[in-house]
Every structure is written in C-alpha cells, then in structure tokens.
S.K.: 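Questions regarding the structure given below will be posed in turn.
As the structure is a computational prediction, the values presented were derived from the model and not from experiment. Below, chain A is the first sequence line, B the second, and so on; all start at residue 1.
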Amino acid sequence: MTGYNFREIEDRWQQRWADHGAHRVPNPGDEHFDDAKPKKYILDMFPYPSGAGLHVGHPLGYIGTDIYSRYHRMRGANVLHPMGFDSFGLPAEQYAVETGIHPRITTEKNIANYTRQLKAFGFSYDWDRSIATTDPDYYRWTQWIFLQLFGAWFDESQQRARPISELVTELEEGARDADGVAWRNLMGDDRTAYLDSQRLAYIDEVPVNWCPALGTVLANEEVTPEGRSDRGNHPVFRRPLRQWMLRITAYADRLIDELDLVDWPESVKTMQRNWIGRSEGANILFPVSGHTHLRVFTTRPDTVFGATYMVVAPEHPIVDEITPTEWPDGTNSKWTLGIGDPRTAVEAYRLAASRKSELDRQVEDREKTGVFTGAHAVNPLTGEPVPIFVADYVLMGYGTGAIMAVPGQDERDWEFAELFDLPIVRTVQPPREFEGDAYTGQGPAINSGFLDGLGIAAAKARIIQWLEVNGHGEGTITYKLRDWLFSRQRYWGEPIPILHGPNGELRAVPDDELPLRLPEVDDYRPHASNDENAEPTPTLSNATDEWKYVEIDGIRYTRELNTMPQWAGSCWYYLRYLDPTNTEVLVSPEAERYWMGEHGVDLYVGGVEHAVLHLLYARFWHKVLNDLGHVSTKEPFGKLFNQGYILADAFQDQRGVYVPAEEVVESSGAFTHNGEPVNRLYGKMGKSLKNSVNPDDMFDEYGVDTLRLYEMFMGPLDTSRPWSTRDIVGVHRFLQRLWRNFVDEETGEMLVSEEPASGELAVLLHRTIEAVTTDMENLHFNTAMARLFELNNALVAETAVPSDVASVLPRLLAPLAPHISDELWHRLGHDGFLINADWPAYDESLIAEDTATMVVQINGKVRDRIEVPVNIIESEAVAIALASERVMAHTGGSEPRKVIARLPNVLSIVV
RNA sequence: GCCGGGAUGGCGGAAUGGUAGACGCGGCGGACUCAAAAUCCGCUGGGCGCAAGCCCGUGUGGGUUCAAGUCCCACUCCCGGUACCA
C-alpha cells in the first residue's frame, strides 16, 4: 500500500525546505537579490508567546498570509514574510513572582515552543529574520526610539517633530519664546523645565488606578466593579501619579488626516477617528463669585443661554478653592448628600468616586450622582448665578474637566437636572412632533438673546465671536485622545533609558551605552504598602545600588525605575525585520526604502481588536521616525486586513474572573472549576478568556495540510466562527481523494495520462484556474478550495489524470496545502519546490460561454428558465419568453406593460 | 453606556440589486462486502399536491424597486474595542 502518508510527507518536505533555505529572502545588495522583481511585504501581527503554546485561533491569519505569500512568490514577487515574538508581558513576570524563575527563562522556553509549533505548520517565514522584543539587540532600538522621542518636540506650525536642539537654537535666536517669556529672561532650571515640558516624551501627573497593596498601577480591566484588584481583592484608588507620557495628541490631526493615505477597512478608520475624537467648540470662562474663573469646554457654545448649572470632575483642582465651609441658605437637601457642610460632603463624594473605575463612570445606565460644592458661578450671557456641582459623569481627562450643563440640549444633563431639581431651559426649538426630553437636533435658537433665530452652525460662529471680543472665551478644538501613559511598575519590560539628577533634571543614557539591560533582581514584586498615599516603588528598585546609581562628571544620577509598556516593542517591529542584525542603525536606508516602498507594508493581517491602540501607537511612532528622517513613508501599513476570530466557550467564576476552559469539568449540564460552579460564556479564543485549543493533536490525527485547509475552509478569512472539529474530515477526504486520483494505491504508480483534458473537463480546468486566481488575489480561500474540490471530484470518473490537469492542479493547491502538492509535483517528475514554480495561466477562449440560462420573471417572480445564446437581443428574448408555456400560464396571453432586460441572464416582464 | 462588526437549511458557509442555499459536514437511500470500515452512486430548506406545479423562506417589523440576503428606516440578539491583557 502506498496510501496518503501525510506524516512522512510533511516531515520530509519541511526538512527539505529548511535544508535548501527555500524561504530565505535576500535584501538589496545581498547575493541572489533580483532587482527586477516587484516587492511584497506580507506581515502578520506577531504573537505574545504564552506558556499555553499556540492555539488554533492564532494560525487563522498566519495560514492566510502564508497562502498569499506563496501565491505571490509563484507570481514572481520578492516576498518578505517574517515572524517574531512580542515577548515582554505580564504572564512571564507573574510566573516569576510565584516561582522565582527568571522571566527570560520562561520566555525563551515559550518562544522555542512557539517556533516549533509555527514551523510545524509549514509556514514560509524567513526564520533568519525572526526577532523577539525581549532580545537586548532588539530592545536596544526600542530604547533608542524612546530617546528620539525624548530628544524631540512638536513644531505646531510645521506639524511635525523636530530635534529639541533646533528648538533651543530658535529660542536663543529669539525666533520663539517660552510660553510668552523670552529665553534670555529664563534661568537655568526654568529653561530645563521648559524644554522638558516640550518633549514628545515627558513626565506628568495623571490619574491612574493605584493599588498600594500590589505596589502597582492597574488596568481598568484589572479592577473589579467594586473598586478592588482582580488579583488579591485589594483596594484600588484613583489618584494622580507622576508618569512618563508620550505626546501622541500632538499628532491627532495627522493621525486623522493621513488615514486617507492607506487602504484599510473603513470600519477601522472610523474607529480610529472616533477614538481621536476631534471636536470643535469653545472654551468659556464662567466667573465664580468672589474668586476666580471656571473654564469649561463645550461643543455647543450656542446653547450657553441654557446653561443652568455647572459640573466639575471630582479630581478638578478648583474644587478645593471654591468649596465654602457652610451651605448657602436655602440649599436643596437633595444636593448635600445629607451632610452638614460642603467640604465634608465634597470630600466624601470624591473618595467614593476615586474607588470607581473609569469605565464604570461612563456607563450611562447608572443613576447619575453628584454633590453641590456650595459655590456659584455666573453665566456670562444671562448674568444669572448657576450652582457648581461635582459629579463623576464629567471626566478630568477630557476637555477642561468641567462643563456648563445645558439640560435642554444634552441628555446626560437633562437626567442630572431632573434628579437634582435644576431648571431646564430650551435654547433650540425642537420640531412640533418632538416628544423626548433633551433635544440635540437642528433647529433655530430660542431664549438666547442675540442668537435667537440662528441655526446651530451660525449661532456657534456668532457666540464664539462674541466670547472672543468680550474676553469670555475662545473657539477651540479638543480631542478625546489622551497622551499615552508610558510608565509601568513592572520588571519584564524595556528599562526606560533616563537618568534623574539631584535637582530633578533628566538626562538621556548615551546611545553607546544602549542597550540598557534589565538588572538582575531577587524579587520580581514591586514594593507593597498599606498606605494609599505612598509613592510607587517599582520592581527595578530591587536592583543593586550599582545599577541604580550612576555617577557622571561628579554628579550622582538615579536611574529611571519604571519600564515601558508591552506596546513599545510592537510599535516598530515591522521595521526591524527589514534588517534584523544591523548593529549600526535600526534599519539600513537601502533595506527600508526597498521593502517599505511607496506605501509601506503591502498586507498587514491581524485581529480587529488592534484596530485602535496598537495601530494608532505604531502609526504615531512611525510618523515621529519619518519626521526625524529615519524612515521614508508617512504611514507604516499600506493595506490592512482583519482576520476573524476562532471563538470558543469560556468560563467565569463567581467573581467574574475567567478560569482556564480546559480545567472546567462538565457534569449533567453544569460546569465546575476546582469544584466551584462557573458560568459558561462564548468568545474569542485566547489568553484573555483562557479558552485556547492546542493544534498539536490535530497534526497527529490529520496532518498539517488538513489543518491548514480546514481553517481556511471554515469560512471567509475576515469572519469569526466557532471552533468545531467535526468538519475537518471533509477536507481530509479531499486530500485522500486527490492522492487516489494521482497515485495507484496498490503499485504507487502515477495515474497520469499523456493526453490533455478535452470537452467539459478542459473547460472546468480553465474555469478553475480563473476562479482560484481571482480568489487568491482577494483572500477568498474558502471559495478557492470549493473550486478545487469540484475539479478533484471530476477526476474521480477518469481512469488517469489528463496531462494538463496533472500539471495545473498541484500548482493551484500549492499555496494552500504545500506539502502534498510538492510531493505530487516531485512524483510527477519535476525538480525543485512549487513555491518557485510559475502560477498557471488559463485559456480565455475555453472559458467563454456561448449559451446562458435566461431567467424569465413575470411580475417579479421567476416563472421559467430558458437556454439562450449569450448575444441574444431583447426582441428575440421577449418573443421566446412569451411563447413559453410556463410563461403563458402566468400572463394569460396578455401583452407586457413593461419589459426590463438584463440579457442574457434576466428578462423581467410586468403584465 | 460609547465606538465598530455580525445574523442565510440540522451545522460551517456560497451568492457584481437579477436562478437563494455553490462547496463541505451531518442525515437518508443504493452499490461493493459473509459483515463492517473505507470507497463509489443518488437524494437532502419547509409546506401542499398522484403529478404538472403552487405557496412560504436569508434575526424581527416597516419601506424603496420590475426585482432585496444585498439598498433605506426602526428594533432584537451575539461578537470585538473601551487607553496598564496584547
């Protein structure tokens, strides 16, 4: 028997590809580099190498890009198709905390396992270009990019980053001043402080989820709805901390505008635009009686006559200043939380708010809460006093952290106003049929003095002019986008290469000292504390003094002890693949220009979960590198494609925390984990939901080609689908049948004829080539396979495979199932690998049809199907149709009132 | 909540506004076999009918059109993101 022995075939071909370097791709200037070929850069989003290993959801996109890469190799392109590892991250660190095993050891083990699993798929990656973000030779350049950000500022007038040395020159020359102060009037420390405030990487106080018991800041998702830590159930406080920030907001307009340069799904572009959230409006100053001004941002300055109260965020610094010691006479009891004086009431409310996560605060289902500060502002348009509240539906991080509330035109304000008995004044006339509460639509202004009668746009323009003339505010633009919080109190991340001087001055670690390697520590935990006001002491403070303190020119500097977030390494990895071993520069200009070309990466495939954060951060870094002359394109990823997810059951325990799905036991319809009942849910396979399925078992039972085909045949690449092994036998049968069509299972002889196909089989062959080619171009691998199934099924009736079919079919299949295809190719007597063979061409004349099925519709319903010549004219078609018995049964012989012809396929008759 | 996406036979899915359900799984029937597996052949959305054929059918309710799975409006449910999971 010489049946389809997939294990032997797959092992042998993978070995041969490796031995011959079949997937190695030369750079410009290297040996065997062919300048005449077009380039294709086909990129996967690289994985985090988790301890659980690769799961069957990961390779969905990887199989897709591998097929596409192999196809383009066969079409004659230089294809760059690399793979690497996003290997910094929390799980290895948490494992280190629990076991004391260095995260590097865990990470290297996981990378080795991932590499083994990826290679087992037979992917055509150029493994010589593989990188891991944890390699010091890699993160050396991540640190270098950070220093580029630290050493640059954003020139608003040119809308680009420039070296900070050029800012110094312009300040010294008097071409600029420092926020209105001439440079020569600034002293040394003030000069430094000013420059530091201008850098793209800067330090600022920002509110974060601080968990003193864990000694770290937590993500919103790590905070339970009760305001405690997901791990350990410790209290979490929302408080400001000094953190490294990256000035992504400077690029807000370019990040919006330059989306026009890329071929991305419109949905992803929309998500990015919404995330950046550019809105035009005005800042308005409200005098606060006897004190100061409250500056609010509003997108609806035209409604200012309807502002009947004010709200500031709980963190707003003005609260301390304006809150009096006693409630004013006649204060509504609903406004006071039942507390005797405003200071105590406001403090109680702020504490409660600090224990809520940001997400919770934005959930509009929740009943609005708030407290009166006891202070009033004056509406500058109406002259009326308006009470100032603290409420957590206003966020410190957006606009000015304070709003003028206009319940007549804002639903949130309406809701709050009803709850707190506040007056509601409409300033836009709703249509007569309008029945709701707040009216946010178009209409003429009312109750608005000199604005009355104007439409919204005109009223906005008029009021902004008035505000600016009278010094009560100005037109402005704000963004929802916030600067990027870049500090982490973790161990397993890139050390931030900054030294802190005795007077708070910042100094970059010199380039020639990079990489700044992670120090060895005994304890991977940050310092815990019972004091919510304690300053963070990150894990790197556990390093030796020798590492932590550096003396330069007699000055003792302290190293920055925070590390970078995991995003950092994934922001630029696509550039390092181009030139992964270069020790002089991040990437050589020659390699960068060739592989990035005009539009950057030719196809970037990954999950839509990265639609905003990863893709926005990477675009930001790329633009900075472009501004500073290190890369040549404005955008990194010319074309983006989102593959779907493999979905699977997931399980949550009673606290709402996910537990590993593989450890969940089912008995009589109920699910338990370690004896505790758990709830079944459903979602994306992966480490978040702890519901991964390992592919190794699939290889054993069906082989690599079968698993590749199965994942592609489950559905189109961009949709999600539940994992189910039931259908896998279908594609396995396809390969078995293919094998039997080509190989005599008794003798091992090839069953190939010397004659080419004729008749219908020849037509089918060329139609298949055409269809598969189109499908390959469009990543429609499921339908490409359906076509190949049909061709393969048609061969069953033949005693031998016609010579042209034998030549074409393995080549069409090669990108999808490369192992069996190379084996058949080899047995047909060809040398070499199919990845280097030519893609088949089809004969136009063979696929042209001379007749077509014409559908005849009577009053919109299909009543007959008639074979007609493809070039039939309308009068003939109508005559044939009306003569048909089935048609006559529905027309009753009456004359058509109307005929719509889409010949030769459709004839629609109305009687 | 907000932003983005999705819903088609028992199941995965296919369909430039123009024959709904290609292809595969599952199911049913048949051939081969002592038998079973494998393989090969046929049927397979629902209802009515002896048949010819007719009616219904793409999450729900409306609409546009000669014609709607596809376009428009309003819903329902599910999935992704929501800035320290990556």
S.K.: Where the side chain of Phe789(A) is defined as all heavy atoms beyond and including C-beta, which of G5(B), C23(B), G12(B) is the nearest nucleotide?
M.R.: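 That would be C23(B).
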
S.K.: Let me know the distance between NE2 of His732(A) and P of G26(B), rounded to the nearest Å.
M.R.: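 Between P of G26(B) and NE2 of His732(A): 13 Å.
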
S.K.: Write down the distance separating the C1' atoms in C54(B) and G81(B), rounded off to the nearest Å.
M.R.: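 Those two atoms are separated by 50 Å.
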
S.K.: When you measure from the side chain of Asn209(A) to the backbone of Leu218(A), do you find a donor-acceptor pair of N or O atoms at a distance under 3.5 Å?
M.R.: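 Such a contact is found between Asn209(A) side chain and Leu218(A) backbone.
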
S.K.: When the C1' atoms of G30(B) and U76(B) are considered, how many whole Å apart are they?
M.R.: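 These two C1' atoms come out 46 Å apart once rounded.
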
S.K.: Using a 4.0 Å heavy-atom cut-off, does Val862(A) contact any base of the nucleic acid, only the sugar-phosphate backbone, or nothing at all?
M.R.: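 Sugar-phosphate contact only - Val862(A) comes under 4.0 Å of backbone atoms but never of a base.
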
S.K.: Would you classify Leu481(A) as touching base, sugar-phosphate or nothing, given that sugar-phosphate means primed atoms plus P, OP1 and OP2, and contacts are heavy atoms under 4.0 Å?
M.R.: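 Base: the residue Leu481(A), judged by heavy atoms under 4.0 Å, touches a nucleobase.
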
S.K.: Between Leu779(A) (CG) and A14(B) (P), how many Å, whole number?
M.R.: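 Rounding to the nearest Å, CG of Leu779(A) and P of A14(B) are 14 Å apart.
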
S.K.: Answer yes or no: does a side-chain N or O of Asn793(A) lie under 4.0 Å from OP1 or OP2 of C23(B)?
M.R.: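 No.
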
S.K.: Which atoms form the tightest heavy-atom contact between Glu494(A) and Gly569(A), and what is the distance?
M.R.: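 In terms of heavy atoms, the two residues are closest at OE2-N, 3.7 Å.
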
S.K.: Side chain of Gln857(A), backbone of Val862(A): donor and acceptor closer than 3.5 Å?
M.R.: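 No: the side chain of Gln857(A) does not pair with the backbone of Val862(A).
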
S.K.: When you compare C48(B) with A38(B), how far apart are their C1' atoms, in angstrom units rounded to a whole number?
M.R.: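 The answer is 41 Å between these two C1' atoms.
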
S.K.: Output the rounded distance in Å from CG (Leu791(A)) to P (A22(B)).
M.R.: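 So the two atoms are 19 Å apart, to the nearest Å.
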
S.K.: Do Asp775(A) and Asn782(A) touch side chain to side chain, with heavy atoms closer than 4.5 Å?
M.R.: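 The answer is no, as the side chains (C-beta and beyond) never meet within the 4.5 Å cut-off.
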
S.K.: Can you confirm whether more than 12 heavy atoms, excluding those of Arg787(A), are under 6.0 Å from its CZ atom?
M.R.: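 Check fails, neighbour count at 12 or below.
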
S.K.: Tell me whether the side-chain N/O atoms of Arg886(A) come closer than 4.0 Å to OP1 or OP2 in G53(B).
M.R.: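 For G53(B), OP1 or OP2 has a side-chain N or O of Arg886(A) closer than 4.0 Å.
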
S.K.: How far does the C1' atom of A20(B) sit from the matching atom of U8(B), given to the nearest Å?
M.R.: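 Here A20(B) and U8(B) have their C1' atoms 8 Å from each other.
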
S.K.: So do Tyr604(A) and Tyr574(A) actually touch side chain to side chain, heavy atoms under 4.5 Å?
M.R.: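 No; the side chains remain at least 4.5 Å from each other.
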
S.K.: List, with names and distances, any nitrogen or oxygen atoms from the protein found under 3.5 Å away from nitrogen or oxygen atoms belonging to nucleotides 15-17 of chain B.
M.R.:
none

S.K.: In whole Å, I'd like the distance from the CG atom of Leu764(A) to the C1' atom of A22(B).
M.R.: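 Rounded to whole Å, this separation is 13 Å.
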
S.K.: Side chain of Glu609(A) only, please: which of G4(B), G12(B), G81(B) is the nearest?
M.R.: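 The closest nucleotide is G81(B).
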
S.K.: Mind checking if Gln489(A) touches a base, just sugar-phosphate, or nothing, with heavy atoms under 4.0 Å?
M.R.: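 Contact class for Gln489(A): base.
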
S.K.: Please give, in whole Å, the distance from G6(B) P to Met271(A) CE?
M.R.: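 The distance from CE of Met271(A) to P of G6(B) comes to 11 Å, rounded to the nearest Å.
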
S.K.: Determine whether more than 12 heavy atoms belonging to other residues, nucleotides or ligands lie under 6.0 Å from atom OH of Tyr95(A).
M.R.: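 Result for OH/Tyr95(A): open.
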
S.K.: Check this for me: does any side-chain nitrogen of one of Arg273(A) and Glu266(A) sit under 4.0 Å from a carboxylate oxygen of the other?
M.R.: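 Looking at Arg273(A) and Glu266(A), the cut-off is met.
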
S.K.: Could you check whether atom CD of Glu867(A) has more than 12 heavy atoms from other residues, nucleotides or ligands sitting under 6.0 Å from it?
M.R.: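 Atom CD in Glu867(A) is crowded, with more than 12 foreign heavy atoms closer than 6.0 Å.
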
S.K.: Once you apply a heavy-atom cut-off of 4.0 Å, does Thr216(A) come out as touching a base, just sugar-phosphate, or nothing?
M.R.: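 No contact at all - Thr216(A) keeps every heavy atom at 4.0 Å or more from the nucleic acid.
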
S.K.: Compare the minimum distances between each of C79(B), U19(B), A83(B) and the side chain of Arg482(A), then state the nucleotide with the smallest one.
M.R.: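 For the Arg482(A) side chain, the nearest candidate turns out to be A83(B).
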
S.K.: At 4.0 Å (heavy atoms only), tell me whether Lys480(A) reaches a base, stays on the sugar-phosphate, or touches nothing.
M.R.: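 Since a base atom lies under 4.0 Å of Lys480(A), the category is base.
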
S.K.: So what does Leu485(A) touch, heavy atoms closer than 4.0 Å: a base, only the sugar-phosphate, or nothing?
M.R.: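 Result for Leu485(A) = base.
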
S.K.: Which nucleotide wins on minimum distance to the side chain of Thr853(A), given the candidates C85(B), G4(B), U19(B)?
M.R.: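 That would be U19(B).
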
S.K.: Which stems does RNA chain B form, counting runs of 3 or more consecutive Watson-Crick or G-U wobble pairs with both distances under 3.5 Å?
M.R.: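 Stem list for RNA chain B: B:1-7 with B:76-82, B:10-12 with B:23-25, B:26-31 with B:39-44, B:45-48 with B:53-56, B:59-63 with B:71-75.
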
S.K.: Of the listed nucleotides (U39(B), C41(B), C66(B)), which one gets closest to any side-chain atom of Ile900(A)?
M.R.: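 Of all the options, the side chain of Ile900(A) is nearest to C66(B).
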
S.K.: Taking any heavy-atom pair under 4.0 Å as a contact, classify Gln243(A): base, sugar-phosphate, or nothing.
M.R.: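 Gln243(A): base contact, heavy atoms under 4.0 Å.
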
S.K.: Which value, in whole Å, describes the distance between the C1' atoms of nucleotides G57(B) and G5(B)?
M.R.: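 Between the two C1' atoms, the distance is 26 Å.
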
S.K.: Relative to the 5' end of RNA chain B, which residue comes earlier, Tyr617(A) or Pro716(A), by the nucleotide with the nearest heavy atom?
M.R.: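 Checking each residue's closest nucleotide, the 5'-ward one belongs to Pro716(A).
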
S.K.: What is the distance, to the nearest angstrom, from the CZ atom on Phe620(A) to the P atom on A83(B)?
M.R.: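 Rounded to the whole Å, the gap is 19 Å.
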
S.K.: Could you pick out which residue, Ala786(A) or Val910(A), lies toward the 5' side of RNA chain B when each is mapped onto its nearest nucleotide?
M.R.: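 Closest to the 5' end, via its nearest nucleotide, is Ala786(A).
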
S.K.: Phe237(A) and Trp210(A): aromatic ring centres closer than 6.0 Å?
M.R.: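 Ring centres of Trp210(A) and Phe237(A) not closer than 6.0 Å.
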
S.K.: Kindly indicate whether a cation-pi arrangement holds for Arg247(A) with Trp621(A), taking the cut-offs as under 6.0 Å to the six-membered ring centre and within 45° of the axis.
M.R.: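 Judged by the rule (NZ or CZ under 6.0 Å from the ring centre, within 45° of its axis), Arg247(A) is not positioned above Trp621(A).
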
S.K.: Between U70(B) and G21(B), how far is it from one C1' atom to the other, in whole Å?
M.R.: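 Their C1' atoms lie roughly 15 Å apart.
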
S.K.: Name each donor-acceptor pair under 3.5 Å that joins a side chain in residues 902-911 of chain A to protein atoms two or more places apart or in another chain, with its distance.
M.R.:
none

S.K.: Below 4.0 angstrom from OP1 or OP2 of G26(B), is there any side-chain N or O of Arg733(A)?
M.R.: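 So the side chain of Arg733(A) is within the cut-off, an N or O lying under 4.0 Å from OP1 or OP2 of G26(B).
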
S.K.: Once you round it to whole Å, what is the distance between P of G24(B) and CZ of Phe713(A)?
M.R.: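 It is 7 Å, rounded to the nearest whole Å.
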
S.K.: Could you state the CZ-C1' distance from Arg721(A) to G13(B), rounded to the nearest angstrom?
M.R.: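 It is 10 Å, rounded to the nearest whole Å.
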
S.K.: List in chain and number order the residues that pass side-chain contact (heavy atoms from CB on, under 4.5 Å) with Arg767(A), two or more places apart in sequence or in another chain; answer none if no residue qualifies.
M.R.: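 By the side-chain contact (heavy atoms from CB on, under 4.5 Å) rule, Arg767(A) matches Val763(A), Ile847(A), Glu849(A).
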
S.K.: Since syn is defined as within 90° of 0, does G53(B) count as syn or as anti?
M.R.: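 Anti, which is what one calls it when the glycosidic angle falls more than 90° from 0.
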
S.K.: Please answer whether the main-chain N or O of Ser279(A) pairs with a side-chain N or O of Thr299(A) as donor and acceptor at a distance below 3.5 Å.
M.R.: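 No, because the side chain of Thr299(A) does not come within donor-acceptor range (under 3.5 Å) of the backbone of Ser279(A).
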
S.K.: Could you work out the separation of A83(B) and C23(B) based on their C1' atoms and round it to a whole Å?
M.R.: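 Approximately 43 Å lies between the C1' atom of A83(B) and that of C23(B).
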
S.K.: Any non-hydrogen side-chain atom of Gln489(A) less than 4.5 Å from a side-chain atom of Val217(A)?
M.R.: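 The answer is yes; the side chains approach within 4.5 Å.
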
S.K.: Please check if atom CZ in Arg239(A) has more than 12 non-hydrogen atoms from other residues, nucleotides or ligands closer than 6.0 Å.
M.R.: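 Counting other residues, nucleotides and ligands, CZ of Arg239(A) exceeds 12 neighbours.
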
S.K.: For nucleotides G63(B) and G9(B), find the distance between their P atoms and express it as a whole number of Å.
M.R.: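 Taking atom P in both G63(B) and G9(B), they lie 24 Å apart.
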
S.K.: Nucleotides 55-57 of chain B: which of its N/O atoms have a protein N/O under 3.5 Å away?
M.R.:
residue : atom : partner   : partner atom : Å
C55(B)  : OP1  : Arg863(A) : NH2          : 3.3
C55(B)  : OP2  : Arg863(A) : NH1          : 3.2
C56(B)  : OP2  : Lys861(A) : NZ           : 3.3

S.K.: Heavy atoms under 4.0 Å is the rule here; annotate nucleotides 27-33 of chain B 5' to 3' with B where the base is hit, S where only the sugar-phosphate is, and - elsewhere.
M.R.: -------

